[in-house]
Amino acid sequence: MKAVSLESYIPIARPQLGPEEEKAVIEVLRSGQLVQGPRVAAFEAAFATATGAEQAVATSSGSTALFLALAAHGVGPGDEVITSPLTFIATANAIVQAGARPVFADVDDTLNLDPTRVEALISPRTKALLPVHLHGNPCDLRQLGAIAERHGLALVQDACQAVGASIAGRGLGSFGTAVYSLYATKNITTGEGGMVTTNDPAVAARVAALRHQAYSAGGGYRHDEVGYNYRLTEMQAAIGLCQLDRLEAVTSARRDNAAFYDQAVDGVRFPRPHVLPTSFHVYHQYVLRVPAGSRVQRDPLQSELDLRGIGTGVHYPVPVHCQQPYRELGADCPAAERASSEMLSIPVHPGVSEADRERVAAALAAL
Ligand SMILES: *Cc1c(COP(=O)(O)O)cnc(C)c1O
């Protein structure tokens, strides 16, 4: 095997940052107003518009945004929240932090919460559904929305990986409360950061209050309940405004790389992402399956690609119901477990050049 020089290594993620972000941060530093200024408000307004929601409230991370969104929808002790086991563990942790219990329903071919498995798990304690748009691929929100409505449940979307995604031309934010992450590896980033979007003014107001120590609207260091410090800074919001300007370009670059892989990679050996007909997938990750009976198994394939200078990832290798804190719940999710052992994310971010993606496809064909 030829040694590969470091500069030709294709990473699995790389943030898109430029002189615009640098200038914006310096302006904030020189303004002297580092928090609670105009940039957070401007970022929230622009984010709501970009995601099809009426309102957006910025927080310190996707995790804090998830927690606050659940709390604002009244999720608390004694409640159950039905969610996907195939996600970053933060999804389930937010449910526990809100005082409630996660109930895991298995996934469908999109690797998202399977609507046909949800209703059997609804109990008198069920308060909300928390589906995830894993890898930036929209889940079956129409069916999940109908189930939520039929049973009087809140619907909170974990759209942390899905900024810019839509269904039938409608931004995810238009379907009800959604939560986004602005972490460094996400499609747009502020380093750390999160956003709750909603069409419910009461939810927006409650998230805004709770993130800021539940200050009373009247001010004067009066607090209506126990709150938190989950604020976003002006520096982060300034970066976020620049990142939103890039959203269309980064999304089309990801979709262009994904369309290339759809054509160039053998879809029989490596089944491709399953996308619902009306979904606009934003390819936070491009995830192939390496079926159990393949001539090269997933883990050795990943090591071989690494030797050839191709970074890959597994999102995620252990489903949440099999993680230590959640094992005792005894969830039965065989499809999620199978997916965890077969999934392989290949580089799809905007920093992947045409030559890079050709190298990825050639390596997959050769191995
Ligand atoms: C990134 C992510 C989170 C958590 O977001 P942070 O900003 O890292 O706190 C939650 N859920 C999913 C699906 C994520 O990808």
**Q** For the OH atom on Y183, are there more than 12 heavy atoms of other groups (residues, nucleotides or ligands in this structure) within a distance under 6.0 Å?
**A** no

**Q** Could you check if a side-chain atom of V25 sits within less than 4.5 angstrom of a side-chain atom of I239, using non-hydrogen atoms only?
**A** yes

**Q** With a 3.5 Å distance limit and no angle check, can you tell me whether H349 reaches the backbone of T185 through a side-chain donor-acceptor pair?
**A**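 The answer is no, because no donor-acceptor pair under 3.5 Å joins these two groups.
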
**Q** If you compare all heavy atoms of A363 against all heavy atoms of L305, which two are closest, and at what distance to 0.1 Å?
**A** CB-CD2, 3.7 Å

**Q** Taking D256 first and then R357, would you say they form a salt bridge - that is, a charged N and a carboxylate O separated by under 4.0 Å?
**A**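 Looking at R357 together with D256, the answer is yes, because their closest N to O distance falls below 4.0 Å.
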
**Q** Do other residues, nucleotides or ligands put more than 12 heavy atoms under 6.0 Å from E149 CD?
**A**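 Atom CD in E149 is not packed in, count stays at 12 or less.
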
**Q** For residues 73-83, dump all side-chain donor-acceptor pairs below 3.5 Å to protein atoms at least two apart in sequence or in another chain.
**A**
| residue | atom | partner | partner atom | Å |
| --- | --- | --- | --- | --- |
| H73 | NE2 | T177 | OG1 | 2.7 |
| D79 | OD2 | G76 | N | 2.8 |
| E80 | OE1 | S123 | OG | 2.9 |
| E80 | OE2 | R101 | NH2 | 3.4 |
| T83 | OG1 | L130 | O | 2.7 |

**Q** According to a hydrophobic-cluster definition based on side-chain heavy atoms being under 4.5 Å apart (Ile, Leu, Val, Met, Phe, Trp, Tyr only), do L68 and V57 belong together?
**A** yes

**Q** Linking I/L/V/M/F/W/Y whenever any side-chain heavy atoms sit under 4.5 Å apart, do V320 and L329 land together?
**A**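 Yes; tracing contacts between hydrophobic side chains, which count when under 4.5 Å, links both residues.
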
**Q** Count I, L, V, M, F, W, Y as connected when their side-chain heavy atoms are under 4.5 Å apart, and connections chain through other members. Are L129 and I95 then in the same cluster?
**A** no

**Q** Working to the nearest 0.5 angstrom, can you tell me the gap between E304 CD and D299 CG?
**A**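 One gets 12.5 Å once the value is rounded to the nearest 0.5 Å.
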
**Q** Start with the C-alpha distance between V179 and V156, add both sets of side-chain angles, then the distance that settles side chain to side chain contact (heavy atoms under 4.5 Å, CB included), and finish with yes or no.
**A** CA-CA 7 Å; V179 172; V156 177; 4.1 Å; yes

**Q** Main chain of F175, side chain of N199: is a donor-acceptor contact present, judged purely on distance under 3.5 Å?
**A** no

**Q** What are the two closest heavy atoms between L86 and A339, and how far apart are they?
**A** CD2-CB, 3.9 Å

**Q** Determine which pairs satisfy side chain to side chain donor-acceptor pair (under 3.5 Å) with at least one residue from residues 237-252, sequence neighbours left out, and list them in order.
**A**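 Listed once each, the pairs are E20-R246, E21-Q243, E21-R246.
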
**Q** The test is side chain to side chain contact (heavy atoms under 4.5 Å, CB included); show your working for N187 and V282 and say whether it passes.
**A** CA-CA 8 Å; N187 291 20; V282 293; 3.9 Å; yes

**Q** Looking only at heavy atoms, what is the nearest atom pair of A72 and V207, with distance?
**A** CB-CG2, 3.7 Å

**Q** Closest approach of Q236 and L232, non-hydrogen atoms and distance?
**A** OE1-CD1, 3.3 Å

**Q** If we only count heavy atoms from C-beta on, is the N229 to S60 side-chain gap below 4.5 Å?
**A**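 In short, these two side chains do not touch, never coming nearer than 4.5 Å.
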
**Q** When you measure from the centre of the six-membered ring of Y261, is the NZ or CZ of R272 closer than 6.0 Å and no more than 45° off the axis?
**A** no

**Q** I need the T190 OG1 to L244 CG distance, nearest 0.5 Å.
**A** 10.0 Å

**Q** With hydrophobic residues grouped by side-chain heavy-atom distances under 4.5 Å, do I12 and I10 end up in a single group?
**A**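 No, no single cluster joins them.
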
**Q** Quick one: closest heavy-atom pair of N93 and Y326, and the distance?
**A** OD1-OH, 2.6 Å

**Q** Taking the side chain as C-beta and beyond, is there a heavy-atom pair between D158 and F88 under 4.5 Å?
**A** no

**Q** Determine yes or no for a side-chain-to-main-chain donor-acceptor pair under 3.5 angstrom, with E328 supplying the side chain and P325 the backbone.
**A**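 Here the side-chain-to-backbone pair does not exist.
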
**Q** Between P131 and L155, is there a side-chain heavy-atom distance shorter than 4.5 Å?
**A**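 Of all side-chain heavy-atom pairs linking P131 with L155, at least one is under 4.5 Å.
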
**Q** Show the nearest heavy-atom pair for residues G136 and A165, with the distance to one decimal.
**A** O-CB, 4.0 Å

**Q** Applying side chain to side chain donor-acceptor pair (under 3.5 Å) to D306 and S303, what does each step give before you reach the verdict?
**A** CA-CA 5 Å; D306 182 60; S303 311; over 6 Å; no

**Q** When you look at CZ of R125, are more than 12 heavy atoms from neighbouring residues, nucleotides or ligands closer to it than 6.0 Å?
**A** no

**Q** Answer yes or no: are there more than 12 heavy-atom neighbours, outside R30 itself, under 6.0 Å from its atom CZ?
**A** no

**Q** If we only count heavy atoms from C-beta on, is the H315 to M343 side-chain gap below 4.5 Å?
**A**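 With C-beta onward as the side chain, the pair stays apart.
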
**Q** The test is salt bridge (charged side-chain N to carboxylate O under 4.0 Å, His left out); show your working for D200 and R206 and say whether it passes.
**A** CA-CA 10 Å; D200 182 341; R206 194 153 149 75; over 6 Å; no

**Q** Is a side-chain N or O of S340 found less than 3.5 angstrom from the main chain of Y316, in a donor-acceptor match?
**A**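 Present.
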
**Q** When you compare the side chain of L141 with that of H133, does any pair of heavy atoms fall below 4.5 Å?
**A** yes

**Q** Is a donor on one side and an acceptor on the other found under 3.5 Å between the side chain of E44 and the backbone of A58?
**A**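 Present.
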
**Q** Is the distance from the ring center of H223 to that of Y215 below 6.0 Å?
**A** yes

**Q** Is the closest basic N to carboxylate O distance between R298 and E342 below 4.0 Å?
**A** no

**Q** Is there a donor-acceptor pair closer than 3.5 Å between any side-chain N or O of N137 and the backbone N or O of H281?
**A** no

**Q** Is the shortest side-chain heavy-atom distance between P350 and R254 below 4.5 Å?
**A**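 The answer is yes, as the side chains (C-beta and beyond) meet within the 4.5 Å cut-off.
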
**Q** Could you measure the distance from the NE2 atom of H284 to the SG atom of C160? Nearest 0.5 Å is fine.
**A**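 It is 9.5 Å, given to the nearest 0.5 Å.
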
**Q** In Å, rounded to the nearest 0.5 Å, how long is the span from OH of Y228 to OG1 of T64?
**A**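 So the gap between those two atoms works out to 11.5 Å.
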
**Q** Once you round to the nearest 0.5 Å, how far does OG of S181 lie from CD of E192?
**A** 7.5 Å

**Q** Hey, is the main chain of G37 close enough, under 3.5 Å, to the side chain of E234 for a donor-acceptor pair?
**A** yes

**Q** Angle between ring planes, F104 versus H321, binned at 30° and 60°: parallel, tilted or perpendicular?
**A**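 Taking H321 first and then F104, their aromatic rings sit tilted (interplane angle of 30° to 60°).
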
**Q** Which value, rounded to the nearest 0.5 Å, describes the distance between T59 atom OG1 and R231 atom CZ?
**A**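 CZ of R231 is found 12.0 Å from OG1 of T59.
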
**Q** Can you tell if the side chain of N112 reaches within under 4.5 Å of the side chain of L144, non-hydrogen atoms only?
**A**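 SC-SC contact between N112 and L144 ruled out.
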
**Q** What's the verdict on side chain to side chain contact (heavy atoms under 4.5 Å, CB included) for R289 and H274, showing C-alpha distance, side-chain angles and the deciding distance?
**A** CA-CA 10 Å; R289 305 273 301 241; H274 187 91; over 6 Å; no

**Q** Show your working on side chain to side chain donor-acceptor pair (under 3.5 Å) between H151 and E119 and close with a plain yes or no.
**A** CA-CA 9 Å; H151 295 269; E119 265 177 315; 2.7 Å; yes

**Q** Would you please test S84 and V107 for side chain to side chain contact (heavy atoms under 4.5 Å, CB included) and show each step?
**A** CA-CA 7 Å; S84 171; V107 298; 3.5 Å; yes

**Q** I'd like to know whether D114 forms a side chain to side chain donor-acceptor pair (under 3.5 Å) with T116, so could you lay out the CA-CA distance, the side-chain angles of the two residues, the decisive distance to 0.1 Å, and finally the verdict.
**A** CA-CA 5 Å; D114 182 345; T116 67; 2.8 Å; yes

**Q** Would you say that more than 12 heavy atoms from the other residues, nucleotides or ligands in this model lie under 6.0 Å from the CD of E225, or not?
**A**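 Correct, the count exceeds 12.
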
**Q** When you look at CZ of R295, are more than 12 heavy atoms from neighbouring residues, nucleotides or ligands closer to it than 6.0 Å?
**A**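 Yes, CZ of R295 has more than 12 neighbouring heavy atoms, counting only those of other groups under 6.0 Å.
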
**Q** Using the rule that Ile, Leu, Val, Met, Phe, Trp and Tyr join whenever any side-chain heavy atoms are under 4.5 Å apart, tell me whether L301 and Y286 fall into a single cluster.
**A**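 In one cluster with L301: Y286, yes.
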
